[in-house]
Student: 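Sharing a structure, written as structure tokens. Questions coming.
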Amino acid sequence: MRIDVLTLFPEAFAGPLDVSIIKRARDAGLLDLHYHQVRDFATDRHRSVDDYPFGGGQGMVMRVDVLDRALAEARAEAEEPGLVVLLSPQGERLTDGLVRELAREPRLILVCGRYEGVDERFIEHRVDREVSIGDYVLTGGELPAMVLIDAVTRHVPGALGDEASPEEESFADGLLEHPQYTRPAEYNGWGVPEILLSGHHANIEKWKKAQRLERTRARRPDLLEPPPGG
Ligand code: 9D3
């Protein structure tokens, strides 16, 4: 999968996406990441990427012309047009379902907003989907883009190597994980549930399932509710 990122802070992406599973996926050629500095597409003397909002109001708005040139250049680098995703507080919430949908795309073009927002004409004419990672205010779309890249990459076939497939994971069946323990079996007087040391596999599996249900009921009852509309 190819992912292009349009951002004013490409340097912010070094680090989080250069370690662990994402690094391995990139090294294996499963994930092809490209960053584009939006400011490179400003044309005026001050290299402006934003301006005051028409009609007044707080803050600055990212310019449609600058963003459109950045997008056109990014697009032209590969045959596949790519699905354009704007990270925005107005977007639909990033869920496991949306992550899986996005992971099926051959190419994503992620646009990171800064300032108060993006000129609506860019959204109307160029953006396919708007995505938010949750109801809290961040300073820009860069961290959400990294979250999206991390979550999506785990679903690219082969990215998890020989480890568990993402199908088997917690959110796939809608339950939280059971508690986990490893050696030492006693530390500081703190023990481990006896059942896990019993070697009785059928009972252990029953215990794990009961723990998962109980935790989900206690912490995330919303996950046990039927989805809206059925
Ligand atoms: C004053 C109104 N604010 C909108 C709720 C302005 C505003 C706040 C934060 C405009 C942009 C931002 C920067 N945030 C993002 O671009 C963003 C974001 C977020 O703040 N929270 C969760 N997901 C996302 S995705 C992009």
Side-chain angles (χ1 to χ4, degrees), residues 1-18 22 31 33-42 47-75 82-105 107-156 170-171 219-220 222-223 228:
M1 169 180 232
R2 173 169 173 143
I3 303 182
D4 293 79
V5 183
L6 277 51
T7 171
L8 290 168
F9 300 98
E11 67 278 10
F13 290 78
L17 302 178
D18 292 337
I22 309 301
L31 174 68
L33 271 177
H34 295 261
Y35 306 119
H36 306 268
Q37 169 54 268
V38 169
R39 199 173 295 282
D40 291 347
F41 301 89
R47 300 217 297 158
S48 320
V49 294
D50 61 332
D51 209 331
Y52 299 96
F54 283 129
Q58 272 233 323
M60 304 292 274
V61 177
M62 284 184 85
R63 289 171 56 133
V64 56
D65 56 336
V66 178
L67 280 173
D68 201 38
R69 280 192 292 272
L71 175 61
E73 198 241 36
R75 276 228 149 110
L83 188 81
V84 179
V85 177
L86 174 68
L87 286 309
S88 153
Q90 271 77 51
E92 65 180 299
R93 185 79 69 86
L94 187 66
T95 59
D96 188 59
L98 179 53
V99 166
R100 288 163 193 270
E101 248 185 82
L102 296 176
R104 290 203 296 268
E105 297 287 331
R107 185 183 186 192
L108 297 176
I109 302 180
L110 307 182
V111 182
C112 304
R114 281 268 155 174
Y115 313 111
E116 286 307 295
V118 168
D119 189 303
E120 191 67 22
R121 293 168 293 181
F122 181 78
I123 302 172
E124 187 181 333
H125 296 284
R126 301 297 190 213
V127 171
D128 297 305
R129 301 188 80 143
E130 285 184 79
V131 173
S132 160
I133 63 165
D135 295 337
Y136 34 82
V137 180
L138 302 169
T139 52
E142 282 76 12
L143 284 166
M146 289 182 239
V147 167
L148 189 156
I149 292 167
D150 186 286
V152 163
T153 300
R154 301 181 67 269
H155 290 275
V156 172
S170 180
F171 282 99
R219 301 182 187 189
R220 293 292 307 276
D222 57 299
L223 294 176

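Along the sequence shown, the residues carry numbers beginning at 1. Note that ligands are numbered from 1 as they come in the structure, with each ligand's atoms numbered from 1 the same way.
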Student: Is the closest basic N to carboxylate O distance between Glu105 and Arg129 below 4.0 Å?
Tutor: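 No salt bridge links Glu105 with Arg129.
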
Student: Any atoms of ligand 1 less than 4.0 Å from a non-hydrogen atom of Ser88? List them with their elements.
Tutor: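 What qualifies from ligand 1 is 25 (S), 26 (C).
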
Student: Check Arg93 with Asp135, please: is the shortest side-chain N to carboxylate O separation under 4.0 Å?
Tutor: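 Answer for the salt bridge query: yes.
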
Student: Against ligand 1, does Gly117 come closer than 4.0 Å with any heavy atom?
Tutor: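 No heavy atom of Gly117 comes that close to ligand 1.
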
Student: Using a strict 4.0 Å cut-off to heavy atoms of Ile133, name the atoms of ligand 1 that fall inside it.
Tutor: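 Near Ile133, the atoms of ligand 1 are 22 (C), 23 (N).
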
Student: Taking only residues two or more places apart in sequence or in another chain, which ones pass ring pair (Phe, Tyr, Trp, His ring centres under 6.0 Å) with Phe9?
Tutor: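 Partners of Phe9 under the ring pair (Phe, Tyr, Trp, His ring centres under 6.0 Å) test: none.
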
Student: Can you list the atoms of ligand 1 that are under 4.0 Å from a heavy atom of Gly134?
Tutor: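 That gives atoms 21 (N), 22 (C) of ligand 1.
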
Student: Residue-level breakdown please: for Gln58 versus ligand 1, do any non-hydrogen atoms fall below 4.0 Å on the side chain, on the backbone, on both, or on neither?
Tutor: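 Looking at Gln58 and ligand 1, no heavy atom falls under 4.0 Å.
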
Student: Between Asp128 (side chain) and Val85 (backbone), is there a donor-acceptor pair under 3.5 Å?
Tutor: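 Pair absent, no side-chain N/O of Asp128 close to backbone of Val85.
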
Student: Please name all residues satisfying ring pair (Phe, Tyr, Trp, His ring centres under 6.0 Å) with Phe13, sequence neighbours left out, ordered by chain then number.
Tutor: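 Expected list: Tyr35.
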
Student: Would you indicate whether the side-chain heavy atoms of Leu31 and Leu17 approach each other to under 4.5 Å?
Tutor: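 Leu17 does not reach Leu31 side chain to side chain.
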
Student: Any heavy-atom pair between the side chains of Leu71 and Val84 that's under 4.5 Å?
Tutor: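 In short, these two side chains touch, coming nearer than 4.5 Å.
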
Student: I need the contact type for Asp135 against ligand 1. Using non-hydrogen atoms and a strict under-4.0 Å cut-off, is it side chain, backbone, both or neither?
Tutor: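 For Asp135, there is no contact with ligand 1 at all, from either part.
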
Student: Are any of the side-chain nitrogens in Asp68 or Arg63 under 4.0 Å away from the carboxylate oxygens of its partner?
Tutor: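 Looking at Arg63 together with Asp68, the answer is no, because their closest N to O distance does not fall below 4.0 Å.
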
Student: Considering non-hydrogen atoms of the protein only, which is the closest contact for atom 21 (N) of ligand 1, and what is the distance?
Tutor: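 Its nearest protein heavy-atom neighbour is Tyr136 O, 2.8 Å.
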
Student: Nearest heavy atom to atom 12 (C) of ligand 1: which of Val137, Val111, Leu138 does it belong to?
Tutor: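 Considering heavy atoms of Val137, Val111, Leu138, the nearest to atom 12 (C) of ligand 1 sits in Leu138.
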
Student: Below 4.0 angstrom from a heavy atom of Val131, which ligand 1 atoms are there? Numbered from 1 as shown, please.
Tutor: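 Listed by number with element: 25 (S).
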
Student: Nearest protein heavy atom to atom 24 (C) of ligand 1, by residue and atom, and its distance?
Tutor: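 Of every protein heavy atom, Pro144 CG, 3.6 Å lies nearest to atom 24 (C) of ligand 1.
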
Student: Around atom 7 (C) of ligand 1, find the nearest protein heavy atom and jot down its residue, atom name and distance.
Tutor: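 Answer for atom 7 (C) of ligand 1: Glu116 OE1, 4.0 Å.
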
Student: Between Arg154 and Asp150, does any side-chain N to carboxylate O distance fall below 4.0 Å?
Tutor: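 Answer for the salt bridge query: no.
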
Student: What are the atoms of ligand 1, with element, lying closer than 4.0 Å to any heavy atom of Tyr115?
Tutor: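 The atoms of ligand 1 under 4.0 Å from a heavy atom of Tyr115 are 10 (C), 11 (C).
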
Student: Could you see which bit of Ser132 sits under 4.0 Å from ligand 1, with heavy atoms only: side chain, backbone, both or neither?
Tutor: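 Both the backbone and the side chain of Ser132 come within reach of ligand 1.
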
Student: Considering heavy atoms of the protein only, find what lies nearest to atom 17 (C) of ligand 1 and give residue, atom and distance to 0.1 Å.
Tutor: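 Result for atom 17 (C) of ligand 1: Pro89 CD, 3.7 Å.
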
